[in-house]
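One structure below.
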Protein chains: 2
Amino acid sequence: MAKRKISNTLALAVLGLLREQPMHPYEMATTLRERHKDGSFKVNSGSLYDTVGALARHGWIEPVETARDGRRPERTVYATTESGRHEFVRWIDELLRTPVAEYPKFMAAVSYLGALGPDRAAEALAERAGHLAQRIEETNAVLADTVGSGRVPRLFMIEAECALHSWEAELAWTRRTIAEIRDGSLSWPEVQRTEQGWTWSGPTDSKGSTP
Amino acid sequence: MAKRKISNTLALAVLGLLREQPMHPYEMATTLRERHKDGSFKVNSGSLYDTVGALARHGWIEPVETARDGRRPERTVYATTESGRHEFVRWIDELLRTPVAEYPKFMAAVSYLGALGPDRAAEALAERAGHLAQRIEETNAVLADTVGSGRVPRLFMIEAECALHSWEAELAWTRRTIAEIRDGSLSWPEVQRTEQGWTWSGPTDSKGSTP
DNA sequence: TCCCGTATAGTCGGTCCCGACTATTAGGGG
DNA sequence: CCCCTAATAGTCGGGACCGACTATACGGGA
């Protein structure tokens, strides 16, 4: 599978918005924020203008008007093209079908959990758990205020449900791991340098070395 | 909280490796792959040399030797510094404590699930579910072969357990959503453009419009 | 009426990151 | 013994991404 010409998912959001209505970049940003889509797309003005430019170069969108209100900066309004609308659907299809490797910061830190020692690790994870619980609550509130009140169809906020499930899973894992650290069921070997290679020792693990 | 000087987590991996032993960049890459850490860190030669250079500029690591084997390219061997070792621990602590917004590609696609229509969406999700199941199986096999056989302490592969849980959660959500699409409990409104704004209609949702 | 904070709209320079590429050598099958 | 592949070690140019900055207009309190 050849690499996508544009891989920034912000471009997907742009195509999605322009499918509804011609718009200028600044309006795209505010619309995405209004609809709470800024949890799924990193909306950054710099990236946005870059992305819109790239989409235009590829012929997936095109400028349809350059208006000027008084002496404010010029606004360039864009619309999708036929090929842009097709690309939009193809891209979504591909993103859904084939999982790609992601490298969340949390996973990197968990890789070196050992370096903190059991007490500090448990404490740090506990703080994270608190933040996660709060984030989950906030998202639930947003869902209640939109889908829950019938103002927005559920399908239009489905990604919030997806994110919620993912955070709940992370929270569950975090809490379980805290418990395992505290009750000692996750043994904490100390690493030592020797001339042979690496040696570790711990409450339940036997000594060994990596070749 | 001021922004970190280096945010690429590959730098964390480098600090972690050099804490054990002085090394040259190429050896870091192969070591990370051997230890199956390339699921948590994106190991790319270009990024690696950039990252090592940045770490050296900040004084967190330093070159200790530049050896040359025959007429092969020069190898620069690096070691951590005192401040590098402190930074390592501080960084892990911070990454664990405070969750940051991540923008997985899947979330972006789910945002526009509607654009595929129910049948194609369900089919695409089903294909994803298959890939996820396979990935889970592969990771389980790796865990069985390392931790399961007692060759590596569980703590050293803990991030694989974490990733496994996260994928299992995603798989569960995916399967549940497929079922909801197929049995019609996730209603699929059609969006139409009107002069007022946006109108949708669907089996269970009442008509409405976004202001 | 004057000022100040906020909303509107976008530009710009620099850093980060990637992957394709180069160059050398060890190893092994024919 | 020779060629071909894989492994070793790293370079480089270009594109993606970010966030700080500019500039104008509007609204409301002092």
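No hydrogens, no waters, no symmetry mates; every other heavy atom, side chains included, goes into these values. Letters go in sequence order (proteins before strands), and every chain restarts at 1. All values reported here derive from a predicted model rather than from experimental measurement.
OP1 or OP2 of dG10(D) has not a single side-chain nitrogen or oxygen of S45(B) nearer than 4.0 Å. Contact between the side-chain N/O atoms of N44(B) and the OP1/OP2 oxygens of dG19(C) is found at a separation under 4.0 Å. Contact check, H24(B) against dG10(D): a side-chain N or O comes under 4.0 Å of OP1 or OP2.
When all heavy atoms of W60(A) and S83(A) are compared, the closest pair comes out as CD1-OG, 3.4 Å. The minimum heavy-atom distance linking A108(A) with F41(B) is given by the pair CB-CE2, 3.5 Å. Nearest heavy-atom pair across L95(B) and A109(A) is CB-CB, 3.5 Å.
The distance from atom CD of E65(A) to atom P of dA9(C) is 12 Å, rounded to the nearest whole Å. For D50(A) and dA9(C), the CG to C1' distance is 15 Å, given to the nearest whole Å. For the pair Y103(A) OH and dC18(C) P, the interatomic distance rounds to 9 Å; values are reported in whole Å. dC18(D) atom P lies 14 Å from atom CG of D38(A), rounded to whole Å. Rounded to an integer number of Å, the gap from CE of M28(A) to P of dA9(C) is 12 Å. The CG atom of L48(A) sits 14 Å away from the C1' atom of dA16(D) (whole-angstrom rounding).
Nearest to the side chain of K42(B), among dC18(D), dT8(D), dC18(C), sits dC18(C). Closest contact between the side chain of R75(A) and the listed nucleotides dC16(C), dG19(D), dG10(C) involves dG10(C). The side chain of Y49(A) lies closest to dA9(C), out of dA9(C), dC18(C), dA9(D). Each of dC16(C), dA9(D), dA16(D) was ranked by its minimum atom distance to the side chain of R57(A); first place goes to dA16(D). Of the candidates dC18(D), dG10(C), dG10(D), the closest approach to any side-chain atom of Y26(A) belongs to dG10(C).
With no hydrogens or angles considered, a side-chain donor-acceptor pair links T80(B) and R85(B) at under 3.5 Å. One side chain, H165(A) or R176(B), offers a donor N or O that lies under 3.5 Å from an acceptor on the other.
Here R128(B) pairs with E170(B) under the side-chain hydrogen bond (donor to acceptor under 3.5 Å, both in side chains) rule; sequence neighbours left out. When the side-chain hydrogen bond (donor to acceptor under 3.5 Å, both in side chains) test is applied to R90(B), the partners found at least two apart in sequence or on another chain are E87(B).
Annotation: proximity of residues 5-16 of chain B to DNA chain D (heavy atom, distance under 4.0 Å) is found for no residue.
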